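Working notes, structure below.
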Amino acid sequence: MPTTSLKLQRRYTRSDPRGLFPGFTGMPELEHNRLAAFWRPIVDMADSEVAPMRLRAVQPVSEWLADPVEGRWSWFAMIGVAGLRHQVLRHAGLAEYDCREPAGLPPELRTPQWSRLVESIHRFDSLTPYARALVVFQLAQLSYCQYVFTLAGLVRPQGDPVHDRYAYEVARVHARYPGHADQALGVFAELATTSSDPLLALLACAQGVGHAIRAGGQVAVAREFEGYGEAVLDRGLPDTWHGSLVRSRYHRALALLRLTERRVDDMRVALAAALRHDEELEPAHRTGTDRTVALENRRILLESLIKAAARAGDDESAERTRAYCAELHGLDPYCVEVRLVIGDGYAAIGDYGGAARWYSAAGELGTGSGAVGWFRAAQCLEHVGDRGGALNAMGRCLELDHTAVEARDYLVHARTGAA
């Protein structure tokens, strides 16, 4: 292992911010396509045993759309990244499945789940707010964020719990899309201060804290949401399974705020609270979507625990980091983001060879995140003296994203002997 630390450049520069994800040709059809096996729910909403956890909500939500039951809400936290489906299809060579909106998929390629979604979209204006919320979440899972804006716009709270939950789901999609965070924060603030449902109010506070930090580090705004959250907790939250879930999410968001404030000890206190409430979810004793939601909460919390453990920089923290990484991989082994996080954990404790393996594993799953994985892997391999491995990784990065400036420069320099 190298004795010097690596100052890892986490993302490459793009020559075109709009991106240029190559569309491969001559790839196997859907049923025999390697990438499609991992991303099948986002391709045509069919299930796959090797899909990442963030896509495991596609099937149950589709079933709920077929038989809407008021109050059977989706408690899943993770939604899709805008444009992800387009990236997957281009890297998998499945151009015939690429469409700007669900109705654009040719009828002969539609699964029953896909047809059900298209039918719900056609009837969107006549759906109940509950059913609209399911449609919005389903579209977000498929990474159709912009289409959500066309379909629903920005929905303001009205005081009715069902309508307000719909407004919350729409705001979550806005919050994830570049340039839309401030609009979403306004909705979250209204929900945090006016909702009659304390669970929804505290969820909005958690979203407000997290997205205020991610949208340009708006610490003052995040602190305002913390104040709203403390007021909700003072009024009281139901002592229920869902109450534990929402408390865990709220304290996890506070941990992010404390990290941004450089209050490391307070960050650990917030993480401990999030972990305590997470343990109350007891996924081993839950079934169906409740079990998946509980595991999802643990999975997201583990990402924060890895970052916190790696910061200490001693042998004990390195051991904890590896343990958390192993647990995270066990929960979500086929997620590109999980593999990146594990790579980050190994890099933070100075195991650059291990980091390179995990970053490369992320790269094998394609998409823009996979390109980032290859880019980070190349830096680690260069650092440990594996020049050929670094060259291969930079090339694989460029294959997934033709706009990667550093990857292109590295290959040019390697050819001319200047690197």
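Nothing here was measured: the structure is a model prediction, and the numbers come from that model.
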Notebook entry, point to check: Taking atom CE of M27 and atom CG of L94, what is their separation to the nearest 0.5 Å?
Noted result: 8.0 Å
Item checked: Distance, nearest 0.5 Å, that separates NE2 of H211 from CG of L185 -> 8.0 Å
Next item on the list: Count the heavy atoms of every other residue, nucleotide or ligand shown that sit under 6.0 Å from CG of D239, and state whether that count exceeds 12.
Entry: no
Next item on the list: Take atom CZ of R156 as the centre, draw a 6.0 Å sphere, and report whether it contains more than 12 heavy atoms from other residues, nucleotides or ligands.
Entry: yes
Determine, for [X] against [Y], whether the closest basic-nitrogen to carboxylate-oxygen distance falls under 4.0 angstrom.
X: E337; Y: R54; value: no
X: E316; Y: R320; value: yes
X: K307; Y: D344; value: no
X: R258; Y: E261; value: yes

Quick one: does [X]'s side chain have a donor or acceptor within less than 3.5 Å of a partner on [Y]'s backbone?
X: E70; Y: A131; value: no
X: R116; Y: S62; value: yes
X: R90; Y: F21; value: yes
X: R339; Y: P333; value: yes
X: R132; Y: D125; value: yes
X: S360; Y: A356; value: yes
X: E296; Y: F76; value: no
X: Y144; Y: R100; value: no
X: N33; Y: A92; value: yes
X: T321; Y: G345; value: no

Next item on the list: Could you please spell out the steps behind the side chain to side chain contact (heavy atoms under 4.5 Å, CB included) verdict for V162 and T128?
Entry: CA-CA 9 Å; V162 177; T128 65; over 6 Å; no
Note to self: Would E279 and R276 count as a salt bridge (Lys or Arg N to Asp or Glu O under 4.0 Å) here? Give the steps.
What the structure shows: CA-CA 5 Å; E279 290 169 348; R276 183 174 66 252; over 6 Å; no
Margin query: Let's go through F149 and H180 carefully: what are the C-alpha distance in whole Å and the side-chain angles of both, what is the deciding distance for ring pair (Phe, Tyr, Trp, His ring centres under 6.0 Å) to 0.1 Å, and is it a yes or a no?
Written below: CA-CA 10 Å; F149 308 152; H180 286 234; 4.4 Å; yes
Is the shortest side-chain heavy-atom distance between [X] and [Y] below 4.5 Å?
X: Y359; Y: L381; result: no
X: R268; Y: D265; result: yes
X: Q207; Y: Y168; result: yes
X: L328; Y: R299; result: yes
X: C380; Y: L8; result: yes

Next item on the list: Please work out which of the three classes, parallel, tilted or perpendicular, describes the rings of Y352 and H383, given edges at 30° and 60°.
Entry: perpendicular
Identify every side-chain donor-acceptor pair in residues 101-110 under 3.5 Å, counting partners at least two apart or on other chains, and give the distances.
residue : atom : partner : partner atom : Å
R110    : NE   : L105    : O            : 2.8
R110    : NH2  : A103    : O            : 2.9
R110    : NH2  : L105    : O            : 3.0

Margin query: Could you go through E230 and Y250, starting from their C-alpha distance and side-chain angles, then the distance that decides it, and tell me whether this counts as side chain to side chain donor-acceptor pair (under 3.5 Å)?
Written below: CA-CA 10 Å; E230 295 310 305; Y250 175 68; 2.9 Å; yes
Notebook entry, point to check: Is there a side chain to side chain donor-acceptor pair (under 3.5 Å) between E29 and H32 once you walk through the steps?
Noted result: CA-CA 6 Å; E29 66 275 11; H32 306 105; 2.6 Å; yes
Next item on the list: Please collect all ring pair (Phe, Tyr, Trp, His ring centres under 6.0 Å) contacts where either partner lies in residues 286-306, sequence neighbours excluded, each pair once.
Entry: none
Notebook entry, point to check: In a check of side chain to side chain contact (heavy atoms under 4.5 Å, CB included) between D278 and each of N297, L245, I300, which one passes?
Noted result: N297
Notebook entry, point to check: For W241, is the NZ or CZ atom of R291 found under 6.0 angstrom from the centre of its six-membered ring and inside 45 degrees of the ring axis?
Noted result: no
